[in-house]
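These notes are about the structure you will find just below.
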There are 2 protein chains.
Amino acid sequence: MKAKATLKQIALEFGVSISTVSKALSDSPEISEATKIKIQEYAALKNYKPNSIAKNLKNQRTNTIGVIIPNILNPFFAKVFSGIEKIALEKGYNVITGISNESFNKEQQVMDMLNNGTIDGFIVAIAEETQSLKEYKHFKDIINSGTPIVMFDRVADGINCDKVVVDDFDSAYDATTHLIKLGSKKIALLSTVNNLSVGKLRFEGYKKALTDAKMSIDEGLIVLETAIEDFDVKLQTLISSKKMDAVFALDEHSSTMTMRMALKQGIKIPQELNIIGFADGVWSRRLTPSLSTVSQHAPEIGAKAAELLIHKLNSKDEFYQPQTVVIKTELRKRESTRRL
Amino acid sequence: MKAKATLKQIALEFGVSISTVSKALSDSPEISEATKIKIQEYAALKNYKPNSIAKNLKNQRTNTIGVIIPNILNPFFAKVFSGIEKIALEKGYNVITGISNESFNKEQQVMDMLNNGTIDGFIVAIAEETQSLKEYKHFKDIINSGTPIVMFDRVADGINCDKVVVDDFDSAYDATTHLIKLGSKKIALLSTVNNLSVGKLRFEGYKKALTDAKMSIDEGLIVLETAIEDFDVKLQTLISSKKMDAVFALDEHSSTMTMRMALKQGIKIPQELNIIGFADGVWSRRLTPSLSTVSQHAPEIGAKAAELLIHKLNSKDEFYQPQTVVIKTELRKRESTRRL
DNA sequence: TGGAATTTAAAAAAACAACTTTAAATGAAT
DNA sequence: ATTCATTTAAAGTTGTTTTTTTAAATTCCA
């Protein structure tokens, strides 16, 4: 464990001043070639790297982004994260990760802990609990303290900051409309995420599509239930009743559980039941039959969020107007859908 | 965007020195009660938080862990990460994430970038390319520079550092043995990860289990192919031949692809074909039939790695002997296996 | 009660590492 | 000897913590 090379250590080595070393390493014209060369060579040899903590302190910025994610095990967030990380690396930023675990307290705690100079700005998907409570004061405080926030996917209406969202309403509308065009007369709607902004928007899109197609909204075909156990019971009942010829599932659990229960009942997919769901693309392809999904372009969401934040950090514009960017979704038609 | 409260700012406010404020806030007995109270009250009012960058510079430590992961989209790594994050939060550490994308260069670059005071230590799963090249100099350099490393899952034999691994050999041995006990006579071995240390160990465990059971190792039942396209072609051929009654798949792709191709061919699982694979537990349960897997306790791996690193960071023991911790796996028997 | 000793409170300074700016010094040339 | 050009030294900046000094207040004893 040899001592790390610092300007001071190098200066001592050559009996010159710290500023001489600093200038030599930044290749300043003020320093003689001979001195520069010997110092630069020594620095390279010792693998000198400026201590970024010291630099950060001086510059009053850290080139670090804080990313607050409700649940890293959700592949959607993992993908968004990969998009953030990619852009961050390109722009020379580090990424500090905080997991809120869908908890309001932990979200607040983690963000507060990081908002002390550790990070320059936040990228956040709001925790479920926070969104249920509509408790957004901590976001306002952080923004007021001068730390910018970019929200993605789950956003807070009242907060004036950059946002990156998916067109949840439209994508649900389009998916439902697609099922109608395939000949479905009875489209069930399944959701365990109706407590989230995204879930509500998707539900609205579904209803609008039915209304526009002059189809009635059948409450008996709708299962909105946040508690997984209760949801599964209701879903089992619905599937056994065989009242529907298509399912639109708003989240991964309801999508996959529908497939599993239907296959167990011997219901043929897609011959007897069309299914479109929100789910991870890789795993949807691995199912048999493969699941048609609404692809949300998660990496692009992350990339865009990172770009917005870094742009804001680099601009000195006091009167910057926050914007909301909508990332288009795509309907990925796989084996779980076909003309009835 | 009001100015952040600093010691200096508070000192100026009361016309006292910076050190007085510092001591007052740390409730030092050197400061009179009256002074302490007024300063503490003011600090609370102004929501003063010590600038962690400055503290880090002074303390020569950042309470931040650098986690280098080959691919965050792999649920295994995401789960390990969640385990790391949990312990880190408990112990008051932040987590900076770097993704190597399985690339040697990026791994080196990211770690180098962070090893300048930004982080106190690393937790690393080695990139595939790094492991193929057996190029471990950067790890040695970092350790020599005084920054401890804990490796998990994919580890480098030649490097003297803490390691957290799964008993890949044993778990493969046990899984294979389980298939034998279920009555399998012809157990195929599929792997797209034979370029990784973990893949090789699992392969060895499979062979040992067969040998111990006095069964021959049939090269015609073994598909080792890193390129996904080539793998799929070979797998299709193997499955069409129907030469086996069981499959042991060493990674997620080969596990799921086997199920998919077999089901497409009308092969009944598990009646005609038993399958055990390495795969994500959540999604394995969602498959129909659900997939029996080797559960690797990923969060525990991450937690243990974080504990080892933080312990090392907090101990001043110059002669600390690095250890290798083995996390036990568990065979999760689901619908894809049963007595033949 | 006056002067010294001791306690107490607070201020000053140093350190962390990098970086910047200003001032000074050296050397050569005029 | 003076001027100019080139180097180098010194000092200040960031915010915190820790150590050292200084100043004031109190106690103690003669």
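Proteins get letters first, then strands, A, B, ... in listed order; numbering begins at 1 in each. For the numbers below, each heavy atom of this structure counts, side chains included, while hydrogens, waters and symmetry mates do not.
At a cut-off of 3.5 angstrom, counting only N and O atoms as typed in the model, there is a donor on one side and an acceptor on the other between the side-chain of S19(B) and the base of dA12(C). Taking 3.5 Å as the limit, the base of dT19(D) and the side chain of K23(B) contain a donor-acceptor pair of atoms between them.
When the P atom of dT17(D) is taken as reference, atom CG of N59(B) falls 7 Å away, rounded to whole Å. If you take CD1 of I18(B) and C1' of dT13(D), they are 12 Å apart, rounded to a whole angstrom. To the nearest angstrom, P of dA17(C) lies 15 Å from CG of N56(A). Whole-Å rounding puts the K38(B) NZ to dA10(C) P distance at 8 Å. Protein atom CZ of R61(B) is 15 Å distant from nucleotide atom P of dT17(D), rounded to whole Å. Note: NZ (K8(B)) to C1' (dT14(D)) measures 8 Å, nearest angstrom. We find that NZ of K55(A) is positioned 15 Å from C1' of dT14(D), with the value rounded to whole Å. Following rounding to the nearest Å, E30(B) (CD) and dT22(D) (C1') show an atom-to-atom distance of 14 Å.
A salt bridge between K304(B) and E300(B) is absent, with no side-chain N of the basic residue lying under 4.0 Å from a carboxylate O of the acidic one. Here E102(B) pairs with R154(B) in a salt bridge; the nearest charged N to carboxylate O distance falls below 4.0 Å.
Closest approach to the L57(B) side chain among dT14(D), dC16(C), dA18(C) is made by dC16(C) (side chain taken as heavy atoms from C-beta onward). The nucleotide whose nearest atom lies closest to any side-chain atom of A54(A) is, among dA9(D), dC16(C), dA18(C), dA18(C).
Residue K49(A) qualifies as enclosed at atom NZ: its count of foreign heavy atoms under 6.0 Å is above 12.
Phosphate proximity of dG15(D) to Q60(A): present, with a side-chain N or O under 4.0 Å from OP1 or OP2. For Y48(A), no side-chain nitrogen or oxygen approaches OP1 or OP2 of dA17(C) to under 4.0 Å. Contact between the side-chain N/O atoms of T20(B) and the OP1/OP2 oxygens of dA10(C) is not found at any separation under 4.0 Å.
Within the nucleic acid shown, K58(A) comes within 4.0 Å of at least one base atom, counting heavy atoms only. Using a 4.0 Å heavy-atom cutoff across all strands shown, K36(B) reaches no nucleic acid atom at all. Contacts of F14(A) with the nucleic acid, taken as non-hydrogen atoms under 4.0 Å apart, are absent. Among the protein residues, S22(A) comes within range of the nucleic acid bases, having at least one heavy atom under 4.0 Å from a base atom. Looking at heavy-atom distances under 4.0 Å, T35(A) makes contact with sugar-phosphate atoms alone, never a base.
Classified by interplanar angle (parallel below 30°, tilted 30° to 60°, perpendicular above 60°), the ring pair F14(B)/Y42(B) is perpendicular. Ring geometry, F76(A) versus F152(A): the interplanar angle falls from 30° to 60°, so the pair is classed tilted.
Toward the 5′ end of DNA chain C lies the nearest nucleotide of V16(B), the other residue of the pair V16(B) and T6(A) mapping further downstream.
Side-chain contact, Q40(A) with D27(A): a donor N or O sits under 3.5 Å from an acceptor N or O.
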